[in-house]
A.B. asks: 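Dumping the structure here so I can ask a few things about it.
All chains are named by letter (A, B, ...) in the order of the sequence lines, taking the proteins before the strands, and each is independently numbered beginning at 1. Values below: every heavy atom of this structure, side chains too, minus hydrogens, waters and symmetry copies.
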Amino acid sequence: MNDKFLKPYNPAETESRIYKLWEESGFFAPEAHPSVASAKADNPENLPIAESSKLKAKSFSMVMPPPNVTGVLHMGHALMLTLEDIMVRFARMQGKKTLWVPGTDHAAIATQAVVEKEIYKKEGKNRHDLGREEFLKRVETFAAQSHKTITSQIRVMGASCDWSREAFTLDEKRTEAVRSMFKMMYDDGLIYRGHRIVNWDPKGQTTISDDEIVYREEKTVFYYFTYGPFTIGTSRPETKFGDKYVVMHPDDTRYAEYTDGQKIELEWINGPITATVVKDTAIDMEFGSGVMTITPWHDTADFEIAERHKLDKEQIIDERGKLLPIAGEFAGLKIADAREKVVEKLRAKGLVVKEEPYTHNLATAERTGGTIEPQIKLQWFVDVNKPVKARGGKTLKELMREPVAGGKIKIIPEHFEKTYFHWIDNLRDWCISRQIWYGHRIPVWYKKHGIDTEQEHGTNTEMFVGIEPPQGDGWEQDPDTLDTWFSSGLWTFSTLGWPSSAETATAGKPGPESDLANFHPTDVLETGYEILFFWVARMILMSQYALGVIPFKTVYLHGTVRDAKGRKMSKSLGNGIDPIDIAQKFGADAARMTLIVGNTPGTDMRISEEKIRGYKHFANKLWNIARFILENTSSSPSHLLRGGIEGGEDDAIVHGDEKKLLDEQQNLLEEVTRDMEEYRFYLAAEKLYHYTWHTLADRILEESKTVLKNGTPEEKKRRMQFLLHTLDTLLKALHPFIPFVTEEIWGLMGNKELLMVQEWPVATNS
RNA sequence: GGGCGGUUAGCUCAGUUGGUAGAGCGUCUCGUUGACGUCGAGAAGGUCAGAGGUUCGAACCCUCUACCGCCCACCA
């Protein structure tokens, strides 16, 4: 027996050494990367398991949700890595050709916001002070540093991913993919440019998507003003300057005497105006006075009414949140200041009817906290309702909905499918342009042939959409960048060689030897439920559209990791538990076990250091079990003892007590295997934990003490065979969950091959 | 306003197709230092949120109610 067993298990001394061993073995890579002829990554056929397994031809693939290069990993990442690594190690031990592609996400707006904040804090400068080029340099430096930290942290957690295929959402290959996709969608008429009302974040100076909005409850005042013969209600007096349409429901008997299109002279904020009556069913007769004026430039609902009736739209507020000249004496004022002053003036004019307290939800930007000010802007959109010829005339919405509705994609837990459908059914066109600098610049170039009347590009501008910049002089690239989810939507196939591998193929089918052919669709997509819409839906959209296939067969959604009190872990609360810290203190195995046991999919979980400490003890318990077994079997030649279990000349073990114990063990393993195949890792882990501690250690080892002391030579031998066999088996079964300590023990037992590529102890169907 | 989830032992949570409730931690008692930087044996502790229904039988299925949480939403 190795002397190491005389001391308690020491994860800190063990884990990094073991990871290195794995990484250098080349077994993380299922086969040579098409573009990398690394000596370490070209030996899949040497996988001991691949030789013997009937499942040799099967593959298992998964892409890692790329962590944002905004800093460091948190517990949520640790959970993700653990779950995925369990699936991957399980598949590998089943003899499947297993690929797990790691990567990181440039996370456009999130990363830019972090760097901007940092620069402002240190130097008091904003990005415009630095200029685009210099600023991007800073972001890239930060991202590179962050990338380095993150990839080393992924290793700490024990993730057995294929580093030879690592990707970044903003690297060269992914850029090619993004541009190809943009062009493809543009050529299909799915991407268009238009004046639409968008969510403008005055603080971040950019457009954001509907999904990046968070609503905050705000107490304000609801005003009733006299507007000619009407009383109108509003919570936003400062936008009312341009209001020249007064809208009511066509069925409202109170206003039956007014007709659609009727002109009315009335006194308003800055003097007399002519208002036009509009009848529209969007009006809620019950709310306020049943009459409102509209501000199409700064309100989504108003914009839609204006579109329906072809009304004029005027901008009242500028991009910085200040009033424009249309506001007369109030021009240049900030919204908050203007509000009071406008009310004051109206009050002086005797036009204020009443004021009442009012609570509503204020839209704010998730990243910057700025109050969203809707604006009409020229933006790029993805049309989700336009039939796609190449896909049988189905719309993107339908392409997203169908595979989930038809069961081709299974979401775990199932109830999220409802949420998914609800989201899709309410989906509007996706605004993909962002006025930020960090990200994929929109692959569109403009050339002016004259002066346009508008500040933006108009009819005198030629436009070029392509993968490479156009030839010739005078072309200028669109200054905007793409929504980060546009590039992450391609992740399942942009990481597997699309579009270049697709080009070499015929009839739209990827070349036979490419990663795309071998590994796409991927098997599982594992991620947090909070990005079901952002990401999962977009991946389905992109893959269904571009390749005509689903991106993955199963979506496993995990919950949020919370602190012991159930609060979200956050920097501002300072209640975060650093997974790397934990791994150093208790071992990555302990952290993994804590994150898995009892953690059902889609449900939030709480963790605390005490919990993790408990699982550190588990690793040590296993360590001592091994020590006991090795100590008590070392007197006999181990090859003799091991031979017995498989039958052979000496099949003593299948008799007597050991037979019962073996059956019990086999039943447990079959149950665990079923749990693994059906994604109940929380149960599998718990059952193995329980068996190890309370069946093997507490019961079997205790009984064995007597047998080994007082039994006949035959009984002793049988018992030793059983114990060694059990240790072998249990190490294999526990390996996906606690890979480090099991690999370490396995090695100390004198095994030459790595545990990570041993065959799973139970035959499986999948 | 719409949708979804939760409510099970002091705490954190399981309970896979309905068969009179389980784990971890904690608490209490006893025992252990020749596998165990400790471990073991045992104990206490739950009318499974409430009400009604289906069933031979319900934590689990159906209806309603209460409370908590989350997501979505353009009521000016």
A.B. asks: Work out how far the C1' atom of C48(B) is from that of C61(B), and round it to whole angstrom.
C.D. replies: 16 Å
A.B. asks: Check the phosphate of A76(B) against R236(A), side-chain N and O only, distance under 4.0 Å to OP1 or OP2. Yes or no?
C.D. replies: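 Negative; the distance criterion is not met.
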A.B. asks: With a cut-off of less than 4.0 Å, is there a side-chain N or O of N620(A) near OP1 or OP2 of G37(B)?
C.D. replies: yes
A.B. asks: Return the OG1 to CD1 distance between T371(A) and I213(A), rounded to the nearest 0.5 Å.
C.D. replies: 11.5 Å
A.B. asks: What's the gap between G10(B) and G46(B) when it is taken at their P atoms, as a whole Å value?
C.D. replies: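 Roughly 7 Å separates the two P atoms.
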A.B. asks: Within the pair R680(A) and U16(B), is there a side-chain N or O less than 4.0 Å away from OP1 or OP2?
C.D. replies: no
A.B. asks: Rounding to an integer number of angstrom, what distance separates U8(B) and C71(B) when you compare their C1' atoms?
C.D. replies: 26 Å
A.B. asks: OP1 or OP2 of U38(B) less than 4.0 angstrom from a side-chain nitrogen or oxygen of K616(A), does that happen here?
C.D. replies: no
A.B. asks: When we call it a touch if two heavy atoms are under 4.0 Å apart, what does H298(A) touch: a base, just sugar-phosphate, or nothing?
C.D. replies: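 Nothing, no nucleic acid heavy atom in range.
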A.B. asks: Are OP1 or OP2 of G37(B) and a side-chain N or O of N624(A) less than 4.0 angstrom apart?
C.D. replies: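 Checking G37(B) against N624(A), a side-chain N or O does come within under 4.0 Å of OP1 or OP2.
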A.B. asks: Please determine whether a side-chain nitrogen or oxygen atom of H360(A) lies at a distance below 4.0 Å from atom OP1 or OP2 of C75(B).
C.D. replies: no
A.B. asks: Taking NZ, NE, NH1 and NH2 as the nitrogens, is one of them in R236(A) or E238(A) under 4.0 Å from a carboxylate oxygen of the other?
C.D. replies: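 Yes, charged N to carboxylate O under 4.0 Å.
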A.B. asks: Does R401(A) make a cation-pi contact with F421(A), if we ask for NZ or CZ under 6.0 Å from the ring centre and within 45° of the axis?
C.D. replies: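 Because its charged atom sits under 6.0 Å from the ring centre and within 45° of the axis, R401(A) does stack over F421(A).
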A.B. asks: Taking the same atom, C1', in A49(B) and in C68(B), what whole-Å distance lies between them?
C.D. replies: 11 Å
A.B. asks: With C1' as the reference atom in both, quote the distance from A59(B) to A73(B) in angstrom, rounded to an integer.
C.D. replies: 35 Å
A.B. asks: Closer than 4.0 Å, any side-chain N/O of Y420(A) to the OP1 or OP2 of C4(B)?
C.D. replies: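 Negative; the distance criterion is not met.
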A.B. asks: Rounded to whole Å, how long is the line connecting atom CG of L708(A) with atom C1' of G34(B)?
C.D. replies: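 About 14 Å, once rounded to whole Å.
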A.B. asks: Tell me whether the count of non-hydrogen atoms from other residues, nucleotides or ligands lying under 6.0 Å of NZ in K553(A) goes above 12.
C.D. replies: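 Yes, because the 6.0 Å sphere around NZ of K553(A) holds more than 12 heavy atoms from other groups.
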A.B. asks: For U20(B) and G1(B), measure between their C1' atoms and round to the nearest Å.
C.D. replies: 43 Å
A.B. asks: Do the side-chain N or O atoms of W693(A) get closer than 4.0 angstrom to the phosphate oxygens (OP1, OP2) of G40(B)?
C.D. replies: yes
A.B. asks: Heavy atoms from C-beta onward define the side chain here; which of C74(B), A35(B), A14(B) lies closest to that of Y682(A)?
C.D. replies: A14(B)
A.B. asks: Any base atoms under 4.0 Å from I283(A), or only sugar-phosphate, or nothing? Heavy atoms, all strands.
C.D. replies: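 It contacts base atoms.
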A.B. asks: Is a salt bridge present between D252(A) and R254(A), judged by a nitrogen-to-oxygen distance below 4.0 Å?
C.D. replies: yes
A.B. asks: Classify T295(A) by what it touches in the nucleic acid, base, sugar-phosphate, or nothing, heavy-atom distance under 4.0 Å.
C.D. replies: nothing
A.B. asks: Using atom C1' in both nucleotides, what's the gap between G22(B) and C30(B) to the nearest angstrom?
C.D. replies: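 That atom pair is separated by 25 Å.
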A.B. asks: Checking base pairs now: Watson-Crick or wobble, both atom distances under 3.5 Å. What partners G1(B)?
C.D. replies: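 Pairing partner, where one exists within any strand: C72(B).
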A.B. asks: Taking only the side-chain nitrogens and oxygens of T419(A), find out if one of them lies under 4.0 Å from OP1 or OP2 of C71(B).
C.D. replies: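 No, outside the criterion.
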A.B. asks: With respect to the side chain of L683(A), which nucleotide from U16(B), A76(B), C13(B) is positioned closest?
C.D. replies: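 Closest of the options to the side chain of L683(A): U16(B).
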A.B. asks: Do any side-chain nitrogens or oxygens of K705(A) fall under 4.0 Å of OP1 or OP2 in A35(B)?
C.D. replies: yes
A.B. asks: What interatomic distance, in whole Å, is found between P of G24(B) and the corresponding atom of A14(B)?
C.D. replies: 16 Å
A.B. asks: Mind telling me whether Y255(A) and Y258(A) have parallel, tilted or perpendicular rings, with 30° and 60° as the class edges?
C.D. replies: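 The rings of Y258(A) and Y255(A) sit tilted, inter-plane angle from 30° to 60°.
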A.B. asks: Considering only A35(B), A23(B), C74(B), which nucleotide approaches the side chain of I625(A) most closely?
C.D. replies: A35(B)
